[in-house]
**Student:** 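This is the structure I have questions about; it appears just below.
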Amino acid sequence: MLLKNMIHTLKAYQYRGVFALIFAMSSIAVMGADKFVVCMAWTPHVDFTGYYVAKEKGFYKDAGLDVQIEHPLLTTSTYEKVFDQEGGCDAGVFSLMTAMATIADGRPLVNVFQTSMNSSYMLVSSKGQNPLTQKGARMGVYTSETNYLTYILDRKYNLNYEYVFFASGINVFLSKAVDVASMVSYWEVLQLKEAGFKMPEHTVYRFADNGYNIQENGVYVKKEYYDAHRTQMKRFAEASRRGWEWTAAHPEQALDIAMKYLRMNRERSNRTIQTLMLKEVLRLQTNMETGKREYRLRPDMVRLANRLMRDARMLNRDVTYEELIGKKEQVAIPRPWLTE
Amino acid sequence: MIKKIIAYFNSSLTARLTLWVSVVVVLLFVISITMLFHFSHRAIEEKAFERANQALENTLLQASNTISEVEFAANNTLWVVERNVRKPDSMFVYSAQILKMNPHLYGCSIAFEPYYYIDRGEYFSANSYIVNDTVYTRQEGSAKYKYFHMDWYLIPRLLNAPYWTDSYRDDFAEDSTFVHDHIISYCMPIHNNDGWNIGVLAVDISLSWFSQTVSGTKPFPNSYSIMLGKNGSYLVHPDSTKLYCQSLLTPFLEHPDSVYEAMAGSMLAGESGYHIMRKDGENYYVFYKPVPKTDWCVAIVCPEDDIFGPYKELQTPLIVIVSLGLLFLIAFMVVVIRYHMKPLHQLVTSAKSFSEGRFDVETPDNSRSNEIAVMQHSFAKMQHSLGDYINNIQQSTTVLQKRNEELSRANELSLEDNRIKNAVITHMTNEMNTPINHIVDETKIISSQFKDLSEEEMRQHVDCMLKNSDEVTKILDLILEASNTQKNTDDV
């Protein structure tokens with residue numbers, strides 16, 4: 001009996017020892033992984049599904065990265081999360097033009113991963129008119145990120161819009177508190193359809209169809225961070241790409257993961273609209289010329305953005321493609337209107 | 001097969017009569033039942049509409065009462081706020097007080113334009129909220145919560161008019177005090193003495209509380225109330241998982257339905273009415289009306305089965321009963337028609353037999369007194385009369401036949417006699433011919449040669465003439481005798 005008890009006890013300790021060893025090894029693995037905090041462009045939505053998938057499926061972990069995904073609040077921006085002292089984020093998802101303006105402002109950024117290959121921006125009139133004819137109209141734009149294309153258009157055609165900054169949703173638009181609003185095809189436009197709002201063609205202006213097809217969201221890190229973590233950034237990009245490719249191949253399962261993130265952040269939405277959103281996001285990730293998802297910045301679009309922003313006096317110098325991908329030192333020249 | 005059937009119907013009066021009467025009766029029944037169903041359906045529908053509209057009115061009243069309560073509380077507070085804008089700290093008191101006096105309210109914010117109170121910085125919004133019957137108050141504006149970009153602040157400011165927001169989540173993600181519910185807010189612009197818009201007062205109610213309060217009325221067991229915001233999202237719905245995050249049109253985003261879209265469009269355009277929609281294989285009646293002072297729409301959704309359930313339950317047994325009744329009626333008609341047509345059939349049989357010459361076949365007796373019976377009796381009489389007549393005729397015919405035979409025989413005899421007579425006469429004539437010719441010759445000789453003839457010659461000629469005339473006389477006597485004999489035979 002005593003012998004039996006001794007054997008039993010020894011076995012128990014043996015198992016505990018094995019478990020402790022496994023736990024220790026895991027902790028070491030986690031501790032050894034490079035921590036990387038990336039702030040998405042906005043509150044949780046399926047336009048960040050690839051990143052959620054990469055995290056949930058362990059692609060980041062496989063790449064030796066401990067990636068934390070954060071989101072700004074409704075009335076804060078990713079820029080603040082990356083650049084403010086309390087921000088605490090190593091990287092943020094920005095649009096190309098925001099990144100270029102930031103770089104030209106003297107805050108060097110490097111693009112480590114690019115998802116968007118097309119512009120999703122549109123102007124929609126709440127008054128049933130052509131937005132370009134509504135001079136002096138109240139233009140609703142989001143606070144989350146500067147809407148450069150709208151400003152460029154405004155300056156080009158002297159539209160003299162009165163800008164109204166709002167946090168989210170389409171209520172400002174539906175209540176007709178604004179006459180026109182800047183929207184993206186993968187979110188607000190779907191919300192408008194869900195609200196039964198009719199959008200005749202003449203009331204919609206699509207930037208992509210009018211020579212303003214410029215890439216949008218990509219992941220950017222500060223230049224100094226990039227220089228110190230080049231290898232990790234490469235691994236991050238590869239794992240993120242894996243996440244997005246898995247999403248494209250398994251949209252339903254990817255949507256399950258994304259919906260989980262929404263629920264975790266108390267975002268209430270419905271699967272139908274998130275499905276349509278994901279479909280549109282994946283479409284916008286496709287290079288319309290090659291029909292492929294390329295996950296890269298396009299030099300021609302960078303050149304186009306430069307020209308447009310400089311013509312609108314939003315940049316005082318060109319921000320080159322090489323700068324954006326970290327192959328060249330970045331020079332800071334403030335935005336013109338800050339000195340006027 | 002069809003030809004046989006057609007042939008059968010063509011040949012049988014009973015079948016045709018049965019068919020036509022059945023068709024007419026069935027048609028009349030079907031028309032009557034259809035009209036009955038139609039009018040009763042309409043009556044039930046009208047009653048149901050009345051009931052549903054009443055429930056809709058009650059729901060609307062409930063919603064309006066809640067809305068009015070909130071507006072009243074907000075208006076009262078606004079009055080006080082506008083008279084005390086110089087006392088920023090008072091705003092915290094007012095925002096707390098409104099909640100203490102109105103326990104159904106969820107929260108209140110009295111928010112001002114950036115830097116309105118310069119010493120208070122860019123953000124100043126006195127916010128109070130209730131958690132577990134305790135009122136908490138704080139200054140809610142910050143770099144993390146720029147309230148002036150939120151709908152509840154922005155829209156009434158831009159419209160410069162009170163505004164009921166659609167549902168939203170008041171995002172204090174950094175604040176872990178409690179989990180904020182989705183809310184709807186009544187927001188009023190705050191004006192200073194010069195009439196300038198300087199801020200917004202917003203009073204919040206919980207979306208789930210609002211939904212529960214408003215959705216109590218049920219005109220039918222499985223019916224329910226819904227309320228839609230301007231953006232189509234559900235403000236009231238029995239399924240709380242649909243509140244805020246789904247709209248009426250969500251199920252049709254991927255597969256548009258023009259009928260449904262028309263209904264949704266009408267509802268969201270602030271119209272009143274009703275539509276029938278189909279969902280998950282069932283029909284639903286949706287009665288809707290706009291909610292006054294808001295961009296919302298309230299509706300009562302009634303499953304068709306609830307409205308017409310008893311009616312539909314009655315439908316099947318009624319159809320079965322009517323069908324059985326019709327079948328019974330048809331069968332009864334067949335029996336009755338056959339019963340009444342039976343004498344006719346018998347007549348037909350009798351007539352057939354009669355026409356085939358079987359006059360002895362009796363027509364069955366019919367004790368009825370209707371037209372067919374009369375016809376049957378008459379036919380029987382006619383049959384008897386005809387039978388007798390035909391018998392008589394037959395007898396007469398027989399007699400006549402006999403007589404004809406006799407006459408024929410007699411005729412033949414007569415003909416034979418005549419033939420014999422003629423033969424005799426011919427013979428006799430021939431016999432007489434010779435002596436007559438002799439007589440004529442002798443006469444000619446005598447007449448031409450009397451002067452030359454001797455007495456002896458004359459005598460010879462006269463003797464010859466006398467001899468021939470005796471032969472003729474004999475022949476004539478024979479003829480006469482034969483004639484007399486024939487006459488005597490005929491007389492007999």
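All values below come from the heavy atoms of this structure, side chains included, with hydrogens, waters and symmetry mates left out. Proteins come first, then strands; the chains are lettered A, B, ... in the order of their sequence lines, and each starts at number 1.
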**Student:** Under 4.5 Å from any heavy atom of chain B, what part of A/Lys176 do you find: side chain, backbone, both or neither?
**Tutor:**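 For A/Lys176, backbone heavy atoms alone lie under 4.5 Å from chain B.
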**Student:** What part of A/Thr143 gets closer than 4.5 Å to chain B, counting heavy atoms only: side chain, backbone, both or neither?
**Tutor:** side chain
**Student:** Taking side chain as everything from C-beta outward and backbone as N, CA, C, O, which of these in A/Asp84 sits under 4.5 Å from a heavy atom of chain B? Side chain, backbone, both or neither.
**Tutor:**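 Contact with chain B is absent: no heavy atom of A/Asp84 under 4.5 Å.
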**Student:** If you round to the nearest 0.5 Å, how far is OG of B/Ser233 from CD of A/Gln191?
**Tutor:**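 A/Gln191 atom CD to B/Ser233 atom OG measures 9.5 Å (nearest 0.5 Å).
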**Student:** Counting only non-hydrogen atoms closer than 4.5 Å, does A/Arg271 touch chain B with its backbone (N, CA, C, O), its side chain (CB onward), both, or neither?
**Tutor:** neither
**Student:** Would you compute the distance between atom CZ of A/Phe165 and atom NE2 of B/His149 and round it to the nearest 0.5 angstrom?
**Tutor:** 7.5 Å
**Student:** Taking atom OG1 of B/Thr250 and atom NZ of A/Lys193, what is their separation to the nearest 0.5 Å?
**Tutor:**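 The OG1 atom of B/Thr250 sits 13.5 Å away from the NZ atom of A/Lys193.
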**Student:** Can you name the closest pair of heavy atoms from A/Asn171 and B/Asp166 and give their distance?
**Tutor:** OD1-OD2, 3.6 Å
**Student:** Do B/Lys230 and A/Glu194 meet the salt-bridge criterion of a basic N to acidic O distance under 4.0 Å?
**Tutor:** no
**Student:** Please flag which part of A/Leu174 lies under 4.5 Å from any non-hydrogen atom of chain B: side chain, backbone, both or neither.
**Tutor:** both
**Student:** Return yes when atom NZ of A/Lys127 has more than 12 non-hydrogen atoms of other residues, nucleotides or ligands closer than 6.0 Å, and no otherwise.
**Tutor:** yes
**Student:** Chain A heavy atoms under 4.5 Å from B/Ala143: which part of the residue, side chain, backbone, both or neither?
**Tutor:**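 The backbone, not the side chain.
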**Student:** Give a yes or no on whether A/Lys279 atom NZ has more than 12 heavy-atom contacts from other residues, nucleotides or ligands under 6.0 Å away.
**Tutor:**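 Atom NZ in A/Lys279 is not packed in, count stays at 12 or less.
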**Student:** Among B/Cys245, B/Gly265, B/Ser247, B/Gly232, who wins on heavy-atom pairs under 4.5 Å with chain A?
**Tutor:**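 Of B/Cys245, B/Gly265, B/Ser247, B/Gly232, B/Cys245 has the most heavy-atom pairs under 4.5 Å with chain A.
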**Student:** How long is the straight-line distance from CD1 of A/Ile273 back to CD of B/Gln246, given to the nearest 0.5 Å?
**Tutor:**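 The distance works out to 10.0 Å.
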**Student:** Would you name the heavy atoms of B/Ile155 and A/Ser175 that are closest together and state the gap between them?
**Tutor:**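 Closest approach of B/Ile155 to A/Ser175, heavy atoms only: CG2-OG, 3.6 Å.
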**Student:** Would B/Asp151 and A/Val172 satisfy side-chain contact (heavy atoms from CB on, under 4.5 Å), going step by step from the backbone distance to the final call?
**Tutor:** CA-CA 6 Å; B/Asp151 287 350; A/Val172 167; 3.3 Å; yes
**Student:** Which one wins on heavy-atom pair count under 4.5 Å against chain A: B/Asp295, B/Asn160, B/Leu248, B/Leu243?
**Tutor:**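 Top option by heavy-atom pairs under 4.5 Å: B/Leu243.
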**Student:** Where does B/Phe252 contact chain A at under 4.5 Å (heavy atoms): side chain, backbone, both or neither?
**Tutor:** neither
**Student:** So how far is it from A/Phe166 CZ to B/Leu158 CG, rounded to the nearest 0.5 Å?
**Tutor:**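 So the CZ of A/Phe166 and the CG of B/Leu158 are separated by 10.5 Å.
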**Student:** How close do B/Glu254 and A/Thr275 get, counting heavy atoms only, and between which atoms?
**Tutor:** OE2-CG2, 3.9 Å
